[in-house]
Amino acid sequence: MEEKFPVIKGAESFDFKGNEIGILISHGFIGTPQSVRFLGERLAQYGYTVIAPRLKGHGTHYYDLEKCTQEEWFSSLEKGYQELKKRCTSIFVMGQSMGGTLTLWLARKYRDINGIILINLALTVPAYEYLMGESNPRFIDEGNPDTKAKNVYEIAYRKVPLKAIHELQKLMEKTSAILSHIHCPVLGVKSAVDHVVPPENTDYILENIGSKTKERVVLQNSYHVASMDHDKDQIVKECHRFVQQQVGHGVVYQ
């Protein structure tokens, strides 16, 4: 699928060059790298090489998203992984919401991933369930980002194509079947209150994933888009601690 619309200013992919530990970050459904940029910038300050690709069909116009498939979203993330492989000896993948779902698929395919960080990962989106199997309406109105912090500006579509929702639903529906095949260390980060994705999604992942090393962090002061909410600094610190723990450096710098 070829995108027909230009990339919205501020919605571009980003790439911060650093050391041989790479962190790949995936934004969520209808969002853009802008929503995870704070995390990327802070992690880059620790010296990591950080890449956050813009998923196909996102950050342009929802007409582009309407023509996109889940396979194209995965391919966008996979290209970021392949770029990190050229430059880094250790790779960690962080994904928020649908980005977390795609992260699981990447970890399933590439067994050399050193660890994954899942932020409010999406296996179910209750607000969309009534649309399963429906052919109308063509577009659904979206509200403001689900954050506890006030005046948060997220670059995201205000209308969502029904076809894209169906692609998301297909992706989420088939993900449970791969969990037992994923064995890398996992850090599950969930908000105590999330109005988009039930926090139990993270619990389900941690209970059923094949990984031996698995941790859970609960954010008490953030909603769904946690990367832009009150606990975003906590996410960075927990991610840094988790990465250092896996690469065996022993010393965690705050």
Side-chain angles (χ1 to χ4, degrees), residues 1-14 25-39 52-77 80 95-103 105 119-175 191 193-198 201 222-229 232:
M1 173 281 225
E2 289 295 324
E3 294 173 332
K4 303 295 185 183
F5 294 84
V7 177
I8 299 167
K9 185 177 181 180
E12 306 88 355
S13 304
F14 60 80
I25 309 180
S26 178
H27 65 80
F29 184 63
I30 73 170
T32 74
Q34 177 255 357
S35 67
V36 294
R37 191 172 184 96
F38 175 86
L39 303 183
R54 180 181 61 83
L55 302 180
K56 196 80 173 282
H58 291 74
T60 57
H61 193 286
Y62 51 82
Y63 287 162
D64 280 337
L65 186 62
E66 186 177 32
K67 298 174 183 176
C68 245
T69 65
Q70 52 172 302
E71 290 82 9
E72 287 174 304
W73 301 335
F74 177 80
S75 178
S76 301
L77 187 61
Q96 180 164 257
S97 194
M98 181 187 78
T101 319
L102 294 172
T103 294
W105 283 91
I119 305 169
N120 291 329
L121 168 140
L123 286 183
T124 59
V125 179
Y128 288 159
E129 286 178 1
Y130 77 100
L131 295 166
M132 286 184 179
E134 297 294 329
S135 55
N136 284 296
R138 181 180 174 187
F139 301 110
I140 310 296
D141 289 333
E142 277 288 327
N144 293 323
D146 183 35
T147 57
K148 192 171 185 178
K150 305 300 181 186
N151 302 316
V152 171
Y153 173 66
E154 180 187 13
I155 299 175
Y157 295 143
R158 294 296 175 242
K159 289 184 179 291
V160 189
L162 181 60
K163 286 184 178 179
I165 291 173
H166 288 163
E167 287 296 309
L168 171 64
Q169 289 172 331
K170 286 189 290 184
L171 172 66
M172 295 189 298
E173 185 178 353
K174 68 181 184 178
T175 297
S191 297
V193 178
D194 186 328
H195 303 99
V196 178
V197 171
N201 280 198
S222 297
Y223 295 155
H224 184 63
V225 190
S227 62
M228 305 184 80
D229 218 332
K232 57 189 179 183

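Computed from heavy atoms alone, side chains included, the values below leave out hydrogens, waters and symmetry copies.
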Open item on the list: L171 vs W105, test: side-chain contact (heavy atoms from CB on, under 4.5 Å). Steps then yes/no.
Closed with: CA-CA 10 Å; L171 172 66; W105 283 91; 3.7 Å; yes

- [ ] Carefully, step by step, assess C68 and E167 under the rule side-chain contact (heavy atoms from CB on, under 4.5 Å).
- [x] CA-CA 8 Å; C68 245; E167 287 296 309; over 6 Å; no

As a quick check of understanding, evaluate side-chain contact (heavy atoms from CB on, under 4.5 Å) for L55 and M98, giving each step before the final call. CA-CA 11 Å; L55 302 180; M98 181 187 78; 3.8 Å; yes

Report the C-alpha separation of L39 and I119 in whole Å, then their side-chain angles, then the decisive distance to 0.1 Å, and conclude whether the side-chain contact (heavy atoms from CB on, under 4.5 Å) test is met. CA-CA 12 Å; L39 303 183; I119 305 169; 4.0 Å; yes

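Under a cut-off of 6.0 angstrom, the local environment of CD in E71 is crowded, with over 12 non-hydrogen atoms contributed by other residues, nucleotides or ligands.
Considering CD of E72 and CD of E3, their distance stands at 9.0 Å, rounded to 0.5 Å. The CD1 atom of I155 lies 11.5 Å from the CZ atom of R54; values are rounded to the nearest 0.5 Å. For the atom pair NZ (K174) and CD (Q169), the distance works out to 13.5 Å, reported to the nearest 0.5 Å. Atoms OG1 and NE2, from T147 and H195 in turn, are 10.5 Å apart once rounded to the nearest 0.5 Å. Here CG of L77 is found 5.0 Å from OG of S26. Values are rounded to the nearest 0.5 Å.
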Hey, can you pull the donor-acceptor pairs under 3.5 Å for the side chains in residues 123-140, sequence neighbours left out?
from, atom 1, to, atom 2, distance (Å)
T124, OG1, N201, OD1, 3.4
T124, OG1, N201, ND2, 3.2
Y128, OH, E142, OE2, 2.4
R138, NE, E66, OE1, 3.4
R138, NE, E66, OE2, 2.8
R138, NH2, E66, OE1, 2.8

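The nearest pair of heavy atoms linking V197 to L121 is CG1-O, 3.2 Å. Heavy-atom minimum distance, Y62 versus P161: O-CG, 3.2 Å. Nearest heavy atom pair, residue M1 against residue D64, reads CE-O, 2.7 Å. For the residue pair G59 and T32, the shortest heavy atom distance occurs at CA-CG2, 3.6 Å. Of all the heavy atoms in P33 and S13, the pair that sits closest is CG-CA, 3.9 Å. Taking every heavy atom of both residues into account, D229 and A149 meet most closely at OD1-N, 2.8 Å.
Comment: D141 engages K159 in a salt bridge, judged by a side-chain N to carboxylate O separation of less than 4.0 angstrom. A salt bridge is absent between K170 and E173; no separation between the charged side-chain nitrogens and carboxylate oxygens falls under 4.0 Å.
Between the side chain of S35 and the backbone N or O of E154, no donor-acceptor pair lies under 3.5 Å. Judged by distance alone, the side chain of T101 and the main-chain N or O of A122 form a donor-acceptor pair under 3.5 Å. Of the possible donor and acceptor atoms, one in the side chain of N120 sits under 3.5 Å from a partner among the backbone N and O of H224. No donor-acceptor pair under 3.5 Å is formed between the side chain of Y223 and the backbone N or O of V193.
A perpendicular orientation is assigned to the rings of H58 and F29, their planes being inclined by more than 60° (bins at 30° and 60°).
Under the side chain to side chain donor-acceptor pair (under 3.5 Å) rule, S227 has a single partner from Q34, Q96, R37, H27, which is Q96.
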